[in-house]
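So the structure is just underneath, and the comments pick up after that.
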2 protein chains.
Amino acid sequence: MKNDYTDNIESCPIAKVQKVIRGKWPMVIIYHLSESHVLRFSELKRKMPQITEANLTKELRTLEAYGLIHREVYREVPPRVEYSLTAIGTKFIPVLEALETWALEYEAAQIESQS
Amino acid sequence: MKNDYTDNIESCPIAKVQKVIRGKWPMVIIYHLSESHVLRFSELKRKMPQITEANLTKELRTLEAYGLIHREVYREVPPRVEYSLTAIGTKFIPVLEALETWALEYEAAQIESQS
DNA sequence: CTGTATCCTAGGGGATACTG
DNA sequence: CAGTATCCCCTAGGATACAG
């Protein structure tokens, strides 16, 4: 049988890409890379103090596999690795901007509803 | 500065609001409600055949608690319940549109990279 | 500096059955 | 029709330690 795929994919484009950006960290990582353009592992870690190194590595590898970020390794001592957005990763920025706009509206609505 | 998100996650609006729309279903539900404006429980279930009734209920309750959707109960026989977006829920639509646009670009990029 | 390797746990989310 | 009630599995993701 065709399974899960058929209905959601055709009726909802959102469901299609949901797995790519799902989770606690992917959009945050993309956000920081969109702001700084290029970041090293330790710089990303500093910008997200609450993620563990193990998970940061995992998230970066996943985003790389999905084609959203590029990993450039410089074989030096000490080692240097730079992360940046790919073309398709850069095209995700408007989504973040829309989300950021909504976040501010949402925050304002929450405050208003308390009074 | 006010909008410096580099220090910690709490000052990043994306990270802040991420829990509201996180998970497999919330954005999909909002998408269907944005398309249809008003949907009954069974209609939502039909648009998302893969979600279980238990989880659909849970997701709807959560989105309602977050203020994104409105639940209107008509005490009839048989019972009728209609779900719709609230004002702040409606304001989320631009995010979905941006995401949808990106989804198409992402899909195209994937196909292109295969050749 | 840039990661691995383990371990561990909360909860997201599926399956199935039942109800007012 | 619009849900509850259970059960249960899995993986996201945190903590900690170690390595090249």
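Protein chains get the first letters and strands the later ones, always in sequence-line order, with residue 1 at the start of each. What's counted below: heavy atoms across the whole structure, side chains too, no hydrogens, waters or symmetry copies.
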Which atom pairs, donor and acceptor, lie under 3.5 Å between side-chain atoms of residues 79-89 of chain B and protein residues at least two apart or in another chain?
{"from": "B:R80", "atom 1": "NE", "to": "B:E76", "atom 2": "OE1", "distance (Å)": "3.3"}
{"from": "B:R80", "atom 1": "NH1", "to": "B:E82", "atom 2": "OE2", "distance (Å)": "2.9"}
{"from": "B:R80", "atom 1": "NH2", "to": "B:E76", "atom 2": "OE2", "distance (Å)": "2.9"}
{"from": "B:E82", "atom 1": "OE1", "to": "B:Y74", "atom 2": "OH", "distance (Å)": "3.4"}
{"from": "B:Y83", "atom 1": "OH", "to": "B:R71", "atom 2": "NE", "distance (Å)": "3.2"}
{"from": "B:T86", "atom 1": "OG1", "to": "B:G67", "atom 2": "O", "distance (Å)": "2.6"}
{"from": "B:T86", "atom 1": "OG1", "to": "B:L68", "atom 2": "O", "distance (Å)": "3.1"}
{"from": "B:T86", "atom 1": "OG1", "to": "B:G89", "atom 2": "N", "distance (Å)": "3.1"}

- Message: Let's go through A:F92 and A:M27 carefully: what are the C-alpha distance in whole Å and the side-chain angles of both, what is the deciding distance for side-chain contact (heavy atoms from CB on, under 4.5 Å) to 0.1 Å, and is it a yes or a no?
- Response: CA-CA 9 Å; A:F92 190 79; A:M27 303 226 303; 3.7 Å; yes
- Query: In chain order, what residues pass the side chain to side chain contact (heavy atoms under 4.5 Å, CB included) check against B:A103, with sequence neighbours excluded?
  - Reply: A:V17
- Message: What is the distance, to the nearest angstrom, from the NZ atom on B:K47 to the C1' atom on D:dA2?
- Response: 18 Å
What's touching nucleotides 14-17 of chain D from the protein side, N or O pairs under 3.5 Å?
{"from": "D:dG14", "atom 1": "OP1", "to": "A:K24", "atom 2": "NZ", "distance (Å)": "2.7"}
{"from": "D:dG14", "atom 1": "OP2", "to": "A:W25", "atom 2": "NE1", "distance (Å)": "3.2"}
{"from": "D:dG14", "atom 1": "OP2", "to": "A:N55", "atom 2": "ND2", "distance (Å)": "3.4"}
{"from": "D:dG14", "atom 1": "N7", "to": "A:N55", "atom 2": "ND2", "distance (Å)": "3.2"}

- Task: Any chance you could lay out the side-chain contact (heavy atoms from CB on, under 4.5 Å) test for B:Q18 and A:V28, step after step, and finish with the verdict?
- Result: CA-CA 9 Å; B:Q18 158 270 114; A:V28 178; 5.5 Å; no
- Positions of residues 56-83 of chain B (non-hydrogen atom under 4.0 Å from DNA chain D), listed by number: B:T57, B:R61, B:R71, B:P78, B:P79, B:R80, B:V81, B:Y83
- Message: Working to the nearest 0.5 angstrom, can you tell me the gap between A:I21 CD1 and A:L99 CG?
- Response: 8.5 Å
- Specify the closest pair of heavy atoms between A:Y66 and B:Q110, including all atoms of both residues, with the distance to one decimal. O-OE1, 4.1 Å
- Please assess A:V20 against B:W102 for the test side-chain contact (heavy atoms from CB on, under 4.5 Å), listing each intermediate value before the final yes or no. CA-CA 12 Å; A:V20 177; B:W102 182 80; 4.2 Å; yes
- The reported gap from OG1 in A:T90 to NE2 in A:H37 (rounded to nearest 0.5 angstrom) is 9.0 Å
- Item | Audit row: B:I14, A:I30, side-chain contact (heavy atoms from CB on, under 4.5 Å) steps and yes/no | CA-CA 11 Å; B:I14 288 172; A:I30 297 170; over 6 Å; no
- Query: What residue pairs, at least two apart or across chains, pass salt bridge (charged side-chain N to carboxylate O under 4.0 Å, His left out) with a residue in residues 99-115 of chain B?
  - Reply: A:K16-B:E107
- Where does the chain B footprint on DNA chain C start and end, counting 5' to 3' with a 4.0 Å heavy-atom cut-off? C:dG13 to C:dG20
